[in-house]
Amino acid sequence: MIVVTGATGNVGSVVVRRLAERGVSARALTRDASRAVMPSGVDVVEGDLTRPESLRPAWDDAESLFLLTTGNEDVAAILESARQAGIEHVVLVSSLLAQTHPDSPIGRGALRGERAVRDSGMSWTILRAWEFSSNAVWWAPSIRDHGTVRATGVDAASPVIDPADIAAVAAAALTERGHEGRIHALTGPAEVTVRERVRILGRVLDRDLVLEEMNAAEALENLKRFMPEEVVEPVIGTDSGEDRGPGVLSTVESVTGAPARTFHQWALDHTGAFR
Ligand SMILES: NC(=O)c1ccc[n+]([C@@H]2O[C@H](COP(=O)([O-])OP(=O)(O)OC[C@H]3O[C@@H](n4cnc5c(N)ncnc54)[C@H](OP(=O)(O)O)[C@@H]3O)[C@@H](O)[C@H]2O)c1
């Protein structure tokens, strides 16, 4: 049995699907089972990662854990609870900022989570993911309402990754040998600017979208709607012209055997979010 956290989200929902397709028993963790729609045969259990004592039912008879956190959790406490219940292997979603921007708040937080995993006493695999393609969903309300995207750093290129590819690598790490003690650094297949992403979205939605460039102060205010204030500034800071991105990495293809999915493919799969 593999426990999948974040099972209703972008990455975890695909991890659950991939495990079900492989015929592997999976248990989806959610805070609200009444809203969780899972493939048949997948166990659903309620629990809250910020309250490790609520996770005990999730660990029953499980041997592996897919762990995706949002930054508010005590990762060491979660892992100690899992280890005591007999879980032996953990696959953690971390951030590539741990590598490219280790002194940023997100980078430091990611390194803290990784340290807890390394110190857990379990065997582990760490997936350091770059910026998700799905962050484009942040633009969905303004695209739906008036066909505009307001963004900063519109010509900065980033090798955004489809969460489905992170899930595919996770499924491999959870079910195949050879990933223990390894850090997989994951990006998408190409550097794509915000301007190009908006153009691609316009094409797949068959709509003329207007891109309005925000200044840094406006962007800061805007991002605070989606992430904690203390982590926003370094994200904005990537617009400084200084290229500290990871470049395009081939890990997804080398682990899964399939090329990493493009932003265009992600957009085609998610038109519903923008209509
Ligand atoms: N966005 C990026 O560019 C990026 C880059 C690198 C790494 N990451 C990592 O990826 C994460 C986001 O992944 P995602 O896009 O797949 O997530 P998502 O779609 O935003 O969904 C969040 C998931 O976390 C679960 N969750 C939230 N709080 C929880 C809690 N207290 N207890 C239990 N479950 C909880 C939710 O489950 P329920 O609501 O069903 O309980 C949901 O399944 C970030 O938090 C970050 O750690 C993101």
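Numbering of ligands and ligand atoms starts at 1, following listing order. Source: prediction; values computed, not measured.
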Practice item. State plainly whether the residues R31 and E46 are in salt-bridge range, i.e. N to O under 4.0 Å. Key: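 Salt bridge between R31 and E46, a charged N being under 4.0 Å from a carboxylate O: no.
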Point to revise | Nearest non-hydrogen partners of F263 and S133, listed with the distance | key: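 Of all heavy-atom pairs spanning F263 and S133, the closest is CE1-O, 3.7 Å.
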Review point. What are the two closest non-hydrogen atoms of R197 and V192, and how far apart are they?
Key: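 So the minimum-distance heavy-atom pair works out to NH2-O, 3.0 Å.
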Check your understanding: Tell me, which residues have any heavy atom less than 4.0 Å from some atom of ligand 1?
Key ->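 Only G6, A7, T8, G9, N10, V11, T30, R31, G47, D48, L49, T50, L68, T69, T70, S94, A129, W130, E131, F132, N135 have heavy atoms that fall under 4.0 Å of ligand 1, ordered by chain and number.
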Exercise for review: Begin with the C-alpha distance, continue with both residues' side-chain angles, and end with the deciding distance and a verdict on side chain to side chain donor-acceptor pair (under 3.5 Å) for E73 and T70.
Suggested key: CA-CA 7 Å; E73 304 85 352; T70 62; 3.0 Å; yes
**Study point:** Heavy-atom side-chain contact between T69 and V75 under 4.5 Å
**Key:** yes
Exercise for review: Can you measure from CG (L49) to CG (N72) and round to the nearest 0.5 angstrom?
Suggested key: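 Here the interatomic distance stands at 10.0 Å.
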